Amino acid sequence: MNTSSANEEKIDIFSKEVLISREEIYSRVEQLGHEISADYQGRELHLVGVLNGAFMFLADLVRHLSIPCHICFMHASSYKDQRVSSGEVILMHNLDLSGKDVLVVEDIFDTGLTLKHISEDLQLQKPNSLEICALLNKKIPDKVQVEVKYIGFEIEDRFVVGYGLDYAEKYRELPHITCLD
Ligand code: IMP
């Protein structure tokens with residue numbers, strides 16, 4: 001048995017550095033909600049949350065929208081319990097976004113590989129418009145070119161968990177964002 005596997009790794013999560021507090025998240029998500037509502041005034045917005053990581057962000061974001069919206073989800077995976085991307089992105093959804101104004105809501109824009117795949121995949125459905133909102137933008141060199149219109153916070157190249165983000169499916173429930181490294 002491999003005793004150093006991600007699932008068995010013992011981490012004292014409350015001894016780790018809090019990078020973004022719940023109060024900072026609340027106020028930034030509120031600002032984003034106002035900005036998005038102003039940009040889509042008079043239109044109906046189709047929000048596509050990227051599971052699993054964006055579930056908390058999307059749930060909070062929609063509470064600050066003052067425009068009519070539809071909420072749906074797609075599933076994307078690439079990390080497979082590791083701290084570095086596997087490089088392979090698997091998407092699953094049953095969406096029909098033809099002619100719609102679509103905003104993809106993602107937890108983190110890291111390499112950009114996942115968002116590029118999502119963007120290319122959803123463009124095939126010929127939406128009226130397609131934009132991306134990511135809670136976090138990780139500052140790393142050589143990101144994949146993809147335009148992310150709304151960004152919550154810029155962060156350094158560190159592995160973060162909480163507020164939906166996981167490590168081996170753990171720590172998503174934390175109300176703040178913590179650095180694991
Ligand atoms: P990308 O394809 O490299 O941009 O990675 C996007 C996905 O990787 C995100 O949707 C996250 O699920 C995951 N990810 C990237 N960085 C982190 C991190 O620091 N913590 C947790 N998950 C991350």
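When a ligand or atom number is given, it counts from 1 through the structure's own listing order. In this text, all values refer to a predicted model and were calculated from it rather than measured experimentally.
Atom CD of Glu30 sits about 13.5 Å away from atom CD1 of Ile25, to the nearest 0.5 Å. The distance from the CD atom of Glu88 to the CG atom of Leu113 is 10.5 Å, given to the nearest 0.5 Å.
Set against the non-hydrogen atoms of Lys138, the atoms of ligand 1 under 4.0 Å away are 16 (N), 17 (C), 18 (C), 19 (O). For ligand 1, the atoms closer than 4.0 angstrom to any heavy atom of Thr111 are 1 (P), 2 (O), 3 (O), 4 (O). Remark: ligand 1 atoms within the under-4.0 Å shell around heavy atoms of Leu113 are 2 (O), 4 (O).
Checking Tyr163 against Asp60 by side-chain atom types alone, a donor-acceptor pair falls below 3.5 Å.
At least one N/O-N/O distance between Gly112 and ligand 1 falls below 3.5 Å. Of the N or O atoms in Phe159, none lie within a sub-3.5 Å distance of an N or O in ligand 1.
For the pair Lys116 and ligand 1, no heavy-atom separation below 4.0 Å is found. Distances shorter than 4.0 angstrom do not occur between any heavy atom of Val144 and any atom of ligand 1. The shortest separation from a heavy atom of Leu115 to ligand 1 is not under 4.0 Å, leaving the residue out of contact. Proximity of Lys143 to ligand 1 is not established, as no heavy-atom distance is less than 4.0 Å. Residue contacts with ligand 1 do not include Val161, since none of its heavy atoms lies under 4.0 Å from the ligand.
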Task: Derivation of the side chain to side chain contact (heavy atoms under 4.5 Å, CB included) call for Glu106 and Leu115 - done: CA-CA 8 Å; Glu106 170 68 308; Leu115 283 171; 3.8 Å; yes

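Each of Val89, Val50, Val48, Ile132 was evaluated against Ile118; a single residue qualifies, Val50, per the side chain to side chain contact (heavy atoms under 4.5 Å, CB included) test.
When Asp110, Asn52, Leu136 are checked for heavy-atom proximity to atom 16 (N) of ligand 1, Asp110 turns out nearest.
Contact annotation: for Leu165 versus ligand 1, heavy atoms closer than 4.0 Å belong to the side chain alone. Residue Arg158 touches ligand 1 through its backbone alone, judged by heavy-atom distances below 4.0 Å.
Under the 4.0 Å criterion applied to side-chain N and carboxylate O atoms, Glu17 and Arg158 are assigned as salt-bridge partners.
Among residues two or more places apart in sequence or in another chain, the side-chain hydrogen bond (donor to acceptor under 3.5 Å, both in side chains) test is passed with His176 by Thr178. For His93, the side-chain hydrogen bond (donor to acceptor under 3.5 Å, both in side chains) criterion is met by Asp121, not counting sequence neighbours.
Using the six-membered ring where Trp is involved, Tyr40 and Tyr150 have ring planes that are tilted, between 30° and 60° apart.
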